[in-house]
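Reviewing the structure listed below.
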Amino acid sequence: FLGAGASVESGLPGASWIVRDLLRRSYADHQHLPDANHVPESEIRDWAGKQAWYQADSDESEYAKVMRNILLAPGTQEDYLKALLQAANPSLGYRHLGALMRKGIFQTVVTTNFDHLVRLGCGPLLDVPIIEIGAERWLKAGDPDPAERRLLRLHGDFSHSNLLNTGPQLDATPPRRFEALKQILRNHGLIVLGYGGNDIRLMREAFLKLWDDRSLATRGVYWCHLPGESPSHLARSFVSIGPPDHAFFVEIPGFDATMRRFAAAFGCSLPRETEYRPQYESLS
């Protein structure tokens, strides 16, 4: 299960960077400044804290509030995010994930991300293409056969113009997507990487309800976080109420390093060309 943090090493900024960037842009607009690069972040935060939209609805994450209230014009959210995605290239973590999927260690990737890094990074390592499958189709098809590799998107993607990004959009997440995630966990465990657990609807309707059915996630849910990073209160609730032998926090050094360790443990080596191409491109 991949969240935005899994893409940081591929050149995509995390949610906290996006919040700071958009607040800085909004501050400059309201103060009629060419930019606010010279303004201390504390001053910008003080200004934001006085805005009615920033204070309202404490259930909505800061990221969702900022996206919804600063990028108001139709299409501006998509344009802003697309501009960030253009600078991204799959990191070696995605290459190692592809090698692990080729060997069948992982068959299914679930993600809240809009990017195509799973396809771009894993695809060249696979002997079969990744199938992007919708929740309805998943529920009808059931678990993948041994030759299939699947990708389930919970928050949509750019290709289908169905992004779920702000509070109201996330609240409208089709319930069938949560059901598909639960179906996956009838026979499998889950490793959560790069996901903070700040999406209240997803946490309440999918993760926190897993423990209502003791036949789910019997192989465990391993919620990974970086050193010094404090998991969200919803993530802490999820792990604390789960069976002690089914729900775990795991401290990891980062997405790339973790995928590399998995690949080494299962003997999934990368082709030399894949491993050295990023170094060659950066040097050239």
Side-chain angles (χ1 to χ4, degrees), residues 1-25 41 61-67 71 77-101 106 109-125 130 151-158 163-166 170 190-199 202-203 222-232 234-235 249-264 270 274-275 277-279 281-282:
F1 186 106
L2 301 181
S7 301
V8 170
E9 290 169 288
S10 297
L12 286 180
S16 59
W17 184 94
I18 291 174
V19 167
R20 291 195 301 272
D21 181 56
L22 290 178
L23 286 178
R24 192 170 291 277
R25 293 183 185 208
E41 184 176 352
S61 71
E62 185 183 34
Y63 168 84
K65 287 181 189 177
V66 168
M67 292 293 290
L71 300 177
Q77 290 183 27
E78 289 84 351
D79 291 343
Y80 176 81
L81 292 171
K82 279 182 179 178
L84 296 178
L85 289 175
Q86 287 174 354
N89 285 303
S91 65
L92 281 178
Y94 282 99
R95 308 294 190 191
H96 284 116
L97 176 58
L100 287 156
M101 293 182 79
F106 299 122
V109 176
V110 182
T111 185
T112 56
N113 298 342
F114 310 135
D115 60 55
H116 293 285
L117 291 172
V118 172
R119 270 192 177 285
L120 295 173
C122 299
L125 277 296
I130 296 174
L151 174 65
L152 175 65
R153 294 185 183 275
L154 296 180
H155 289 170
D157 70 322
F158 290 111
L163 302 188
L164 302 179
N165 197 39
T166 65
L170 292 169
L190 191 68
I191 300 172
V192 181
L193 290 154
Y195 179 62
N198 293 310
D199 176 357
L202 175 57
M203 291 300 298
Y222 302 84
W223 197 291
C224 300
H225 65 91
L226 298 175
E229 180 182 75
S230 178
S232 71
L234 287 170
F249 279 126
V250 183
E251 186 176 286
I252 61 168
F255 174 70
D256 280 11
T258 302
M259 288 294 103
R260 184 170 62 248
R261 289 171 66 182
F262 279 139
L270 289 178
T274 302
E275 189 160 359
R277 183 178 297 277
Q279 297 178 38
E281 290 176 348
S282 64

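Note: hydrogens, waters and symmetry copies are ignored here, and every other heavy atom, side chains too, is used.
The minimum heavy-atom distance between Gly197 and Met203, with the atom names listed, is O-CG, 3.4 Å. Residue Tyr63 comes nearest to Ala15 through the heavy atom pair CD1-CB, 3.9 Å, listed as atom of the first residue, atom of the second, then distance. Between Gly98 and Leu125 the shortest heavy-atom distance is C-CB, 3.8 Å. A pairwise comparison of heavy atoms in Leu23 and Glu62 identifies CD1-OE2, 4.5 Å as the closest pair. Summarising the geometry of Asn198 relative to Ser232, their closest heavy-atom pair is OD1-CB, 3.4 Å, with the distance given to 0.1 Å.
The distance from the NE2 atom of His155 to the CG atom of Asn113 is 9.5 Å, given to the nearest 0.5 Å. Interatomic distance, Leu152 CG to Thr112 OG1, rounded to the nearest 0.5 Å: 11.0 Å. Note that CG of Leu154 and CG of Asp199 are 9.0 Å apart. Values are rounded to the nearest 0.5 Å. Expressed to the nearest 0.5 Å, how far CG of Asp256 lies from CD of Glu9 amounts to 3.5 Å. Taken to the nearest 0.5 Å, the NE2 atom of His116 stands 9.5 Å off from the CG atom of Leu151. Put simply, CG on Leu193 and CD1 on Ile252 are 5.0 Å apart, with the number rounded to the nearest 0.5 Å.
By the 4.5 Å heavy-atom criterion applied to side chains, Ser91 and Met259 are not counted as neighbours. The shortest side-chain heavy-atom distance between Phe262 and His96 does not fall under the 4.5 Å cut-off. In this structure, the side chains of Leu12 and Leu117 come closer than 4.5 Å at one or more pairs of heavy atoms. Taking 4.5 Å as the limit, some side-chain heavy atom of Pro124 sits within range of a side-chain heavy atom of Arg95.
Salt bridge annotation for Asp21-Arg25: present, with a cationic side-chain nitrogen under 4.0 angstrom from a carboxylate oxygen.
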(request) Determine, stepwise, if the pair Tyr195 / Thr111 fulfils side chain to side chain donor-acceptor pair (under 3.5 Å). (result) CA-CA 9 Å; Tyr195 179 62; Thr111 185; over 6 Å; no

(request) Take Glu229 and Glu251, measure what side-chain contact (heavy atoms from CB on, under 4.5 Å) needs, and give me the verdict at the end. (result) CA-CA 9 Å; Glu229 180 182 75; Glu251 186 176 286; over 6 Å; no

(request) For side-chain contact (heavy atoms from CB on, under 4.5 Å), just list the numbers for Cys224 and Thr258, CA-CA rounded to whole Å, side-chain angles, deciding distance to a tenth of an Å, and then say yes or no. (result) CA-CA 10 Å; Cys224 300; Thr258 302; 5.6 Å; no

(request) Begin with the C-alpha distance, continue with both residues' side-chain angles, and end with the deciding distance and a verdict on side-chain contact (heavy atoms from CB on, under 4.5 Å) for Ile18 and Met67. (result) CA-CA 9 Å; Ile18 291 174; Met67 292 293 290; 4.1 Å; yes

(request) Test side-chain contact (heavy atoms from CB on, under 4.5 Å) on Leu22 and Leu71 and set out the steps. (result) CA-CA 8 Å; Leu22 290 178; Leu71 300 177; 4.1 Å; yes

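Using bins of under 30°, 30° to 60° and over 60° for the plane-to-plane angle, the ring pair Tyr94/Phe255 lands in the tilted bin.
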